[in-house]
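Written out below as structure tokens is the structure these notes cover.
Note that the numbering runs from 1 along the sequence shown for the chain.
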Amino acid sequence: MDKKFFAVLLTEKPELLKAVIAFNNASVTPEKCSKRLCGDNAPCIKICLTRLRGRLRTADFSPDTHLEAASGLQAADIAQGSFWDFAEESRRLALLDAATLRRLAHWFGAAVHAREIAAAVARDEVMTLKDALGRDVYAYALTRGRFALSEAVGGAFCAVDRRMPLAGRVVKHGREAVRILRQTWPAPLRARTRDLFSFAAMDGKANRIADNHRGNMKNFDHASGTGCIANIEAVREAVWTGLKKILIKEVAPQWAPCFN
């Protein structure tokens with residue numbers, strides 16, 4: 001990570017820097033930082049941040065200097081994934097709390113199936129959906145939810161699990177969207193956030209949306225149709241765009257300063 005990125009965090013995105021520091025606080029302890037930096041009693045994160053600020057003001061902070069080095073972590077700790085900088089934006093979902101992540105998945109699922117939800121007119125069916133989804137999510141699906149995602153994303157998800165009840169598909173596909181996004185994260189980060197994302201753990205392949213319905217992928221701008229990898233990347237990019245939009249506009253607007 002280069003100097004410019006952290007200079008921006010320090011001057012323009014203090015909320016994101018605070019969240020990154022908070023995430024790392026649990027694993028970056030005085031034992032994991034050098035004695036020269038932290039000592040036995042000093043708050044390690046505060047010391048690391050102070051050193052980072054100092055390095056940003058000096059010429060010895062080269063463009064390819066990483067935050068791990070600036071914060072004083074040992075090489076072994078870096079290899080174990082002890083400090084995460086979250087420069088890759090989608091990984092910042094790991095900064096959220098579990099309740100917010102669950103709501104985000106739920107609202108994404110409602111956006112995926114918004115047109116089907118709106119098509120339900122029988123009184124019993126409508127009441128069942130309201131009770132299962134929550135009245136706020138149901139109302140969102142009838143209004144803004146129908147325009148939150150591209151048709152290609154909605155089509156890719158709606159083409160599977162057709163035999164499941166609609167409310168069940170909303171829940172399952174919202175969680176599957178989170179899983180599609182998270183599967184590309186580095187293994188140490190996935191392991192560290194396993195409990196946080198336990199609600200999204202499911203059997204089967206996370207890339208089945210792309211694998212089983214390649215025909216839908218031709219509508220993605222970045223899908224070349226040349227193979228599964230291109231399709232999965234296209235799905236992931238479109239899913240992330242939708243998740244971020246729903247997060248900062250509907251579910252948790254207070255997190256908007258932490259995203260681009």
Side-chain angles (χ1 to χ4, degrees), residues 93 96-183 197-221 223 231-232 234-256:
L93 288 185
L96 307 180
D97 59 273
T100 299
L101 288 168
R102 286 176 180 271
R103 291 189 67 225
L104 175 59
H106 196 49
W107 285 60
F108 184 94
V112 165
H113 295 284
R115 296 185 184 277
E116 294 174 271
I117 294 171
V121 294
R123 183 178 182 278
D124 289 346
E125 187 177 9
V126 169
M127 294 306 297
T128 297
L129 287 172
K130 287 182 177 180
D131 291 341
L133 304 180
R135 292 181 179 271
D136 57 342
V137 176
Y138 178 82
Y140 166 71
L142 294 185
T143 53
R144 300 181 303 281
R146 289 187 293 172
F147 311 103
L149 305 175
S150 68
E151 291 186 7
V153 174
F157 282 94
C158 289
V160 297
D161 304 314
R162 297 295 301 172
R163 295 183 179 181
M164 286 184 66
L166 179 54
R169 280 183 279 144
V170 168
V171 173
K172 181 175 183 178
H173 293 163
R175 294 175 177 179
E176 191 158 12
V178 172
R179 193 166 175 238
I180 287 171
L181 189 69
R182 188 169 171 265
Q183 71 172 342
F197 289 91
S198 60
F199 72 93
M202 299 183 298
D203 295 330
K205 296 192 299 180
N207 61 1
R208 72 191 183 105
I209 299 297
D211 279 349
N212 296 339
H213 301 279
R214 296 181 183 181
N216 291 312
M217 297 304 101
K218 64 185 180 181
N219 296 317
F220 287 100
D221 291 339
N231 289 342
I232 293 172
V235 170
R236 183 189 179 280
E237 181 174 346
V239 165
W240 168 235
T241 298
L243 281 169
K244 182 170 72 168
K245 178 180 179 180
I246 293 171
L247 173 68
I248 64 179
K249 288 184 176 294
E250 308 290 346
V251 174
Q254 69 273 19
W255 279 94

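- Looking at heavy atoms from C-beta onward, L96 lies in side-chain contact with L247 at the 4.5 angstrom threshold.
- H113 and H173 have parallel rings, their planes meeting at less than 30° on a 0 to 90° scale where 60° marks the start of perpendicular.
- I246 contributes atom CD1, which lies 12.0 Å from atom NE2 of H106 (distance to the nearest 0.5 angstrom).
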**Report entry** side-chain contact (heavy atoms from CB on, under 4.5 Å) between V251 and F108, worked out
**Finding:** CA-CA 10 Å; V251 174; F108 184 94; over 6 Å; no
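- With R144 contributing its side chain and Y140 its backbone, the two residues share no donor-acceptor pair below 3.5 Å.
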Report task. Could you check V178 against L101 for side-chain contact (heavy atoms from CB on, under 4.5 Å), going step by step and ending with a plain yes or no? Result -> CA-CA 9 Å; V178 172; L101 288 168; 5.8 Å; no
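- Closest approach of A200 to R179, counting heavy atoms only: O-CD, 3.5 Å.
- In terms of heavy-atom proximity, T100 sits nearest to A252 at CG2-CB, 3.9 Å.
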Query raised in the report: Given Y138 and D131, is the side-chain contact (heavy atoms from CB on, under 4.5 Å) satisfied, shown in steps?
Result: CA-CA 9 Å; Y138 178 82; D131 291 341; over 6 Å; no
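- Annotation: side chain of F199 is not in contact with side chain of V171 (no heavy-atom distance under 4.5 Å).
- The side-chain contact (heavy atoms from CB on, under 4.5 Å) with L133 is formed by just one residue from the set V170, L166, T128; it is V170.
- Contact record, A141 with I117: CB-CD1, 3.7 Å, taken as the closest heavy-atom pair.
- Using a 4.5 Å cut-off on side-chain heavy atoms (C-beta onward), L181 and F197 make no contact.
- Shown here for A120 and L129, the closest heavy-atom pair between the two residues is CB-CD1, 3.8 Å.
- Looking only at distances, a side-chain donor or acceptor of R162 sits under 3.5 Å from a matching main-chain atom of C158.
- Nearest heavy-atom pair, R146 versus R115, reported as atom, atom and distance to 0.1 Å: O-NH2, 3.9 Å.
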